[in-house]
Number of protein chains: 2
Amino acid sequence: MDPSIEKRLQQFIQSKGLRNTPQRNAIVEAIFSSDDHFTADDLWERIRKTKSLDSQSSRATVYRTISLLVEAGLLHEIDLGDDQKTYDPNFVDSPAHNHLVCIDCGKVIEFEDSHIQLMNDCAARRLGFRAERQTLKIEACCEKLRLHGRCENLINARIQGKRLPKRR
Amino acid sequence: MDPSIEKRLQQFIQSKGLRNTPQRNAIVEAIFSSDDHFTADDLWERIRKTKSLDSQSSRATVYRTISLLVEAGLLHEIDLGDDQKTYDPNFVDSPAHNHLVCIDCGKVIEFEDSHIQLMNDCAARRLGFRAERQTLKIEACCEKLRLHGRCENLINARIQGKRLPKRR
DNA sequence: GTTATTGCAAATGATTTGCACAAGG
DNA sequence: CCTTGTGCAAATCATTTGCAATAAC
């Protein structure tokens with residue numbers, strides 16, 4: 001877990017007069033020990049599977065901690081077109097990344113592109129605004145699947161029983 | 001209402017073996033007689049206010065008709081960071097537009113920019129994908145408000161009691 | 001007639017909240 | 001202590017669905 005996250009969280013906790021609890025710490029640890037996107041329920045499951053009893057916590061606390069981290073700016077809510085809210089723990093390390101979602105297998109790829117950022121800033125300025133935040137999601141087909149008829153991600157997704165993206 | 005929408009809808013209805021009903025027609029009319037974005041409830045209210053009895057319909061039918069239009073590709077679900085789903089009726093006329101949301105007053109501006117589209121396509125190709133659809137949302141501050149201390153949109157929003165954007 | 005459509009009310013499912021108890025500082 | 005945090009169960013709220021009645025075609 002990135003030490004700068006820990007520091008920023010402690011700062012936030014102190015400035016708000018909050019307390020340190022094992023449940024909250026375990027949830028924070030679970031979130032930032034992985035780069036994966038997750039839903040509230042994903043996270044709850046992940047924590048439930050932890051054998052150590054001291055890191056268990058209720059659904060309510062999971063939700064409350066997520067809200068806290070979003071408010072602190074350490075966690076971002078992203079739109080993957082799903083019914084549940086999805087969260088992305090990677091914005092502290094790369095504050096300006098975009099998402100590409102594979103239509104075939106649902107895999108999400110994060111990428112940065114300063115040119116895109118710049119063009120969007122210009123577009124905003126042209127409209128008389130100053131861009132504060134931008135969200136780009138590209139939904140795309142896997143070229144591997146199209147050209148070679150197979151894509152490991154798709155196969156893995158099927159094997160692991162992952163939710164495939166909704167048909168639109 | 002754009003005649004091409006009417007035509008495409010009729011095509012869709014026929015191809016699926018569906019029927020023509022006054023309720024559905026009234027809802028479709030209500031959606032495409034305006035450029036405004038809306039939630040399911042906005043739309044239901046709009047229809048309720050119609051005096052003519054023959055154009056009334058239940059919430060369930062409103063939801064069902066929205067789903068139908070989304071499935072037909074005539075209506076798009078967009079993410080404005082709200083709890084309810086928001087729909088945009090303008091994608092038939094301008095299939096590749098982006099959204100800029102004013103942080104100050106919540107106003108949503110639609111704009112097109114072929115350069116942005118192109119750059120995003122390139123970014124996708126560089127990652128080994130073929131972009132099918134892209135979603136860009138820019139959240140931005142009103143320069144008028146910043147430079148001149150006032151912005152008509154903000155003032156109008158307050159007067160009309162519109163939901164201001166959530167504080168983040 | 002046959003099958004899609006509607007309206008109602010009940011179900012669903014993710015998220016939030018009230019409250020009594022537990023536990024940081 | 002005093003106040004924040006937790007867990008539970010109940011409440012919310014948008015959206016979906018089962019079902020009986022209605023209306024297209």
Side-chain angles (χ1 to χ4, degrees), chain A residues 9-10 12-31 37-48 50 52-72 75 77-87 163 166-167, chain B residues 9-10 12-30 37-48 50 52-72 75 77-87 163 166:
Chain A
L9 179 60
Q10 285 310 319
F12 183 79
I13 291 214
Q14 294 206 347
S15 74
K16 287 261 177 186
L18 307 180
R19 291 171 184 171
N20 260 303
T21 70
Q23 289 93 332
R24 194 146 60 197
N25 291 336
I27 296 169
V28 171
E29 174 65 27
I31 290 175
H37 300 151
F38 59 89
T39 64
D41 240 58
D42 290 343
L43 183 57
W44 189 58
E45 281 298 331
R46 217 193 286 172
I47 289 165
R48 246 152 61 89
T50 304
S52 47
L53 290 169
D54 57 312
S55 60
Q56 296 298 314
S57 64
S58 69
R59 249 202 196 83
T61 301
V62 169
Y63 276 106
R64 286 191 270 236
T65 303
I66 288 175
S67 299
L68 206 71
L69 292 172
V70 171
E71 198 192 328
L75 190 61
E77 196 181 308
I78 59 174
D79 171 42
L80 259 36
D82 228 321
D83 285 330
Q84 299 131 279
K85 290 175 186 161
T86 306
Y87 298 91
R163 227 173 336 161
K166 285 188 234 169
R167 297 263 161 261
Chain B
L9 179 59
Q10 285 310 318
F12 184 78
I13 291 213
Q14 296 206 347
S15 74
K16 286 262 178 182
L18 309 180
R19 291 171 186 174
N20 261 302
T21 69
Q23 290 93 332
R24 193 147 59 198
N25 291 336
I27 296 170
V28 171
E29 174 65 26
H37 301 152
F38 60 89
T39 65
D41 239 59
D42 290 342
L43 182 58
W44 190 58
E45 282 297 331
R46 216 193 286 171
I47 288 164
R48 247 151 60 88
T50 305
S52 48
L53 290 169
D54 56 310
S55 59
Q56 296 298 316
S57 66
S58 69
R59 246 202 198 83
T61 301
V62 169
Y63 276 105
R64 286 191 271 235
T65 303
I66 288 174
S67 298
L68 205 71
L69 292 172
V70 170
E71 198 193 329
L75 190 62
E77 198 180 308
I78 59 174
D79 170 43
L80 258 37
D82 228 323
D83 284 329
Q84 298 131 280
K85 289 174 187 165
T86 308
Y87 298 91
R163 226 174 337 162
K166 286 186 235 170

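Letters go in sequence order (proteins before strands), and every chain restarts at 1.
Remark: the backbone N or O of A/Ser57 is paired with a side-chain donor or acceptor of A/Trp44 at under 3.5 angstrom. Although no hydrogens or angles enter the test, the distance criterion places a donor-acceptor pair under 3.5 Å between the side chain of A/Gln56 and the main chain of A/Thr50.
For A/Asp42 and C/dA14, the CG to C1' distance is 13 Å, given to the nearest whole Å. Remark: P of C/dA14 and CG of A/Asp82 are 10 Å apart, rounded to the nearest angstrom. The separation between A/Tyr87 atom OH and C/dA14 atom C1' is 10 Å, rounded to whole Å. Atom CD1 in A/Ile47 sits about 11 Å away from atom P in D/dT6, given to the nearest Å. A straight line from NZ of B/Lys85 to P of C/dT15 spans 12 Å, rounded to a whole angstrom. Between the CD1 atom of A/Ile13 and the C1' atom of C/dG25 there is a distance of 13 Å, given to the nearest Å. What separates CH2 of A/Trp44 from C1' of D/dG7 is a distance of 11 Å, to the nearest Å. The nearest whole Å value for the distance from the CD atom in B/Gln84 to the P atom in C/dG13 is 21 Å.
To the nearest 0.5 Å, the span separating NE2 on B/His37 from CD1 on B/Ile78 amounts to 4.0 Å.
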Candidate pair B/Asp83 and A/Lys85, rule side chain to side chain contact (heavy atoms under 4.5 Å, CB included), full reasoning | CA-CA 10 Å; B/Asp83 284 329; A/Lys85 290 175 186 161; 3.9 Å; yes
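Between A/Glu77 and A/Ile66 the shortest side-chain heavy-atom distance does not fall below 4.5 Å. Contact of the A/Val62 side chain with the A/Glu45 side chain is not registered, since no non-hydrogen atoms from C-beta on lie closer than 4.5 Å. Looking at heavy atoms from C-beta onward, A/Gln84 lies out of side-chain contact with A/Asp42 at the 4.5 angstrom threshold. Side-chain atoms of A/Leu18 and A/Leu68, non-hydrogen and from C-beta on, do get closer than 4.5 Å to each other. Side-chain atoms of B/Arg24 and B/Leu69, non-hydrogen and from C-beta on, never get closer than 4.5 Å to each other. Side-chain contact check for A/Thr39 versus A/Asp82: every heavy-atom pair is 4.5 Å or farther apart.
Nearest-nucleotide assignment on DNA chain C puts the 5′-proximal partner with B/Leu18, out of B/Leu18 and A/Asp41.
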Between the protein and nucleotides 21-24 of chain D, which nitrogen or oxygen pairs are less than 3.5 angstrom apart?
{"unit_1": "D/dA24", "atom_1": "N3", "unit_2": "B/Arg19", "atom_2": "NH1", "d": "3.0"}

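Within the nucleic acid shown, A/Gln14 has no heavy atom closer than 4.0 Å to any nucleic acid atom.
Considering B/Leu43, B/Val28, B/Leu75 as possible partners of B/Thr65, the one that fulfils the side-chain contact (heavy atoms from CB on, under 4.5 Å) test is B/Val28.
The rotation axes computed at either terminus of the helix from C/dG1-D/dC25 to C/dG25-D/dC1 lie 30° apart, taking five pairs at each end and rounding to 10 degrees.
For the contact set between residues 57-64 of chain B and DNA chain C, defined by any heavy atom under 4.0 Å, the members are B/Ser57, B/Ser58, B/Ala60, B/Thr61, B/Arg64.
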